[in-house]
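Each remark here refers to the structure printed beneath this line.
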Amino acid sequence: MKKILAISLLIFLLPRGAYALPVYKEVRQNYVKSDSLLLDRHGAPLHELRTDKDHRRMDWTALSDISPALKQAVIHAEDKNFYHHAGVDYAAISVSLFQSLLRQNTRGASTITMQLVSFLEPAIQPKKSRRSLQQKWLQMDAARDLEKKWTKEEIFEAYLNLVTFRSELQGVAAASRALFGKEPHGLNQTESAILAALIRSPNASYDSVFQRSSQIMISLNWPINSNELSGKIKQIFPGANTIQPRMAIAPHVAERLLKDKPKGSTVTCTLDSGLQRFALNSMASQLLALHGQNVSDGAVLVLDNKTGQVLAYATYSANDSNARYVDGIQAKRQAGSTLKPFLYALALDSRILTAASVLNDAPLDISVAGGLYQPHNYDSAYRGPVSVRVALASSLNVPAVLTLNLVGTEAFLNKLRMMGIKEISESGDFYGPSLALGSADVSLWELTNAYRTLANGGRWSEAVLTWEGPAVKNNKTILSAEAAFIVSDILSDREARSGTFGLENSLATKFRSAVKTGTSKDMRDNWCIGYSSQYTVGVWVGNYSGESMWNVSGVSGAAPVWHEMMDYLHRNKSDHKASPPSNVVKKEIASSLNPGKRQEEWFIRGTEPSGDVLVVKQYNEKIVYPPSGTIIALDPDIPQDLQKVFFISRTEDKELKWILNKSESIGTGKSIAWSPRAGKYNLELSDTGGKIIDSVSFEVRGDNQADQVENDTKQ
């Protein structure tokens, strides 16, 4: 009687609650699902990624898309008179109070509308396990107010989308997909009864859910299959109840672009979903073919040359657990021979080598800190004297080491850093001659975009995943257009690489393309990166664990995927032949390797053979030391007349002259000793006809201020 009296007093004495309850449209618009969505460049779904760690909510589900069986079961279990009351079921309240007086198990009297307003109004939510009498009255008052503004269909739809069914699962879509692996419209009577039973006690035990589900089905006169009912309930105890994303083909891009966005965001990226699927399928097929050779993982990156937009960003693993956690496109791996094109481009730009220069592919011993470094080719064979064209196209190792010695390790490292290859901060001594063969660690992202620099005539810009900001970011010239053209021509030369790879292989395409493979030490990494005029494609295969592959080369490992990707990209397109830059000339030369035979070769203007002398020198004359920009310090503890600096050139002519500051002739020969004086200097190397071959600037610092002033005046 006390409880009945208390309720009566509340009805007559408490004032009406004043709530700014939202309208249905506001609730629908403010609803935020727990998954964010990544769309491709055409608006097609690429990946669903959970970004709300507290709740699990899917897309808002319209009432018309919910199974009739579930709607019937929920109304029967929670609010039989839902369509006949105005928010409060007074008859149910009376029954509940009467059962309470008789100390029987009471049935809850909260209507669906009352439950919904408790979701919408925080003040009505219970602070402990149960609501106070005042909160109960306020809940009833708000429910009556809501019924005046919303239709029954809107109330029921919002309720089914906001109610918690189990644990973190909010809304019918999340519950249906997590517990039964289907959409809400496909729920049968058994499944509907289980979900209706869970509303009252979301974390109930198996026995409680089975008993309540059975009662609901019996009271609705639905047929019960106990084995089916038991099996359906057991599959959610103690299952993880995870929701598989409807689309999940770009996990690492989704993680990068969605993790800092608001919950439930939708972001559009530059990827093409069709190309992304093709890349994943191509890699899956190749890894299956390589399974017996201990290859488990791979990655594919496709860039648009002009814009830098990423069209495919695909990582695949034969071991599914690896693919989730390792981004094979950003992971650092040993570069192998893939750095050689940039090394030769630097040599061409420095006018040290031409494509026709001859390098000796023969056994080589180089003294390093740990002993002797002895580079050898992949097949352990040596070709003897070869042209730069053949050396690069056939990926010969000894000529690459010789080229690094010509250009300098520090200069090569600086060039790689300029092309966006990060974390190579050690000095040249750290890498030594092995840098020519790719001892530095790079990512597929960095390496593929560096090759895009060659495709764009030496212009580098950032690769991008979204359209935010300028179309091309940080565009800058890294290599000359001339060097980029000649290197690209070499990498597209099927005949020049035939000595190592043969004429018919996965590197040969029906359209013009330039391509390079690479394999790291102990076959841990396998690369194939190449480009046409429109696209650059990079492929890596190996093992995320770092295990070695078994007898897998660039042509047999990554190249087949690269070839498939390039064919797919050009399936409806033709690729045009690149036009040479104006400062590149083609000249017929005599071959020093095949006397009596002539061949055509591209040269940067000024490096081609002149006059009737058609045989190309081994390398161009150049000042090796000091490098331009060198600062030399005088030692105050050593008498000045005993201090010497050696000027060293790499030349074939012993009669070249050394000239300081345009006027002071200091000697003749490949190298000379010079007594340093404080000052700034310009050092030139000229032939007997007075033609300047090379020049550098350097500075000497010390205490001889008079010399410093004298030399500054001369300049």
Heavy-atom side-chain proximity of H47 to E255 below 4.5 angstrom: no
For atom NZ of K152, decide whether the heavy atoms of other residues, nucleotides or ligands shown that lie under 6.0 angstrom number more than 12. yes
Non-hydrogen side-chain atoms of L160 and L63 separated by less than 4.5 Å: yes
Do E26 side-chain atoms and V23 backbone N/O form a donor-acceptor pair below 3.5 Å? yes
Y316-S282 side chain donor-acceptor pair, cut-off 3.5 Å: no
Hey, what do you get for OG (S285) to CG (L290), rounding to the nearest 0.5 Å? 11.0 Å
Is the ring pair H85/F82 parallel, tilted or perpendicular, if the boundaries are 30 and 60 degrees? perpendicular
Check: N188 main-chain N/O paired with E191 side-chain donor or acceptor under 3.5 Å: yes
Strictly distance-based, threshold 3.5 Å: is any side-chain N or O of Q115 a donor or acceptor partner for the main-chain N or O of Y159? no
Correct closest heavy-atom pair for V253 and L271 would be CG2-CD2, 4.2 Å
What is the minimum heavy-atom distance between L303 and G308, and which atoms define it? CD2-O, 4.3 Å
If I take atom CE from residue M217 and atom CD1 from residue I194, how far apart are they, to the nearest 0.5 angstrom? 8.0 Å
When you measure from the side chain of N203 to the backbone of S167, do you find a donor-acceptor pair of N or O atoms at a distance under 3.5 Å? yes
Do D52 and V32 touch side chain to side chain, with heavy atoms closer than 4.5 Å? no
Looking only at heavy atoms, which two atoms of G328 and T315 are closest? And how far apart? N-CG2, 3.5 Å
If you measure from CD on E48 to CZ on R246, what distance do you get to the nearest 0.5 Å? 4.5 Å
Applying salt bridge (Lys or Arg N to Asp or Glu O under 4.0 Å) between D35 and each of K53, R56, R50, report the one that passes. R56
G87 backbone acceptor or donor facing T111 side chain under 3.5 Å: yes
Note, S34 side chain near Q170 side chain (heavy atom, < 4.5 Å): no
Would you say the side chain of W540 lies within less than 4.5 Å of the side chain of D297, judging by non-hydrogen atoms? yes
Would a distance-only check, ignoring hydrogens and angles, find a side-chain to backbone donor-acceptor pair under 3.5 Å from R417 to I424? yes
For a 4.5 angstrom cut-off between non-hydrogen side-chain atoms, does R524 reach R333? no
Tell me whether S36 contacts the main-chain N or O of G264 through its side chain, where contact means a donor paired with an acceptor under 3.5 Å. yes
Salt-bridge test for D59 and K33: reply yes if a basic N is under 4.0 Å from a carboxylate O, no otherwise. yes
How long is the straight-line distance from CD of E423 back to CD of E446, given to the nearest 0.5 Å? 7.0 Å
Using atom types as modelled and distance alone, determine if a side-chain donor or acceptor of S176 lies under 3.5 Å from a backbone N or O of K182. yes
What are the two closest non-hydrogen atoms of I233 and S213, and how far apart are they? CD1-OG, 4.4 Å
Ignoring hydrogens and geometry, is there a side-chain-to-backbone donor-acceptor pair from D40 to G43 under 3.5 Å? yes
If you count the non-hydrogen atoms of other residues, nucleotides and ligands that lie under 6.0 Å from CD in E153, is the total more than 12? yes
Between S219 (side chain only) and I216 (backbone N and O only), is there a donor and an acceptor less than 3.5 Å apart? yes
Kindly indicate whether a cation-pi arrangement holds for R277 with Y568, taking the cut-offs as under 6.0 Å to the six-membered ring centre and within 45° of the axis. no
Is any side-chain heavy atom of F119 closer than 4.5 Å to one of V27? no
Heavy-atom closest pair (A254 atom, L49 atom, distance to 0.1 Å) is O-CD2, 3.6 Å
Is a donor from one side chain sitting under 3.5 angstrom from an acceptor on the other, for S461 and R452? yes
Got a sec: does the NZ of K332 have more than 12 other heavy atoms crowding it under 6.0 Å? yes
Reported CD-to-CD distance for the pair Q211 and Q215, which is rounded to 0.5 angstrom: 5.0 Å
Heavy atoms, side chains only, cut-off 4.5 Å: are R212 and L198 in contact? no
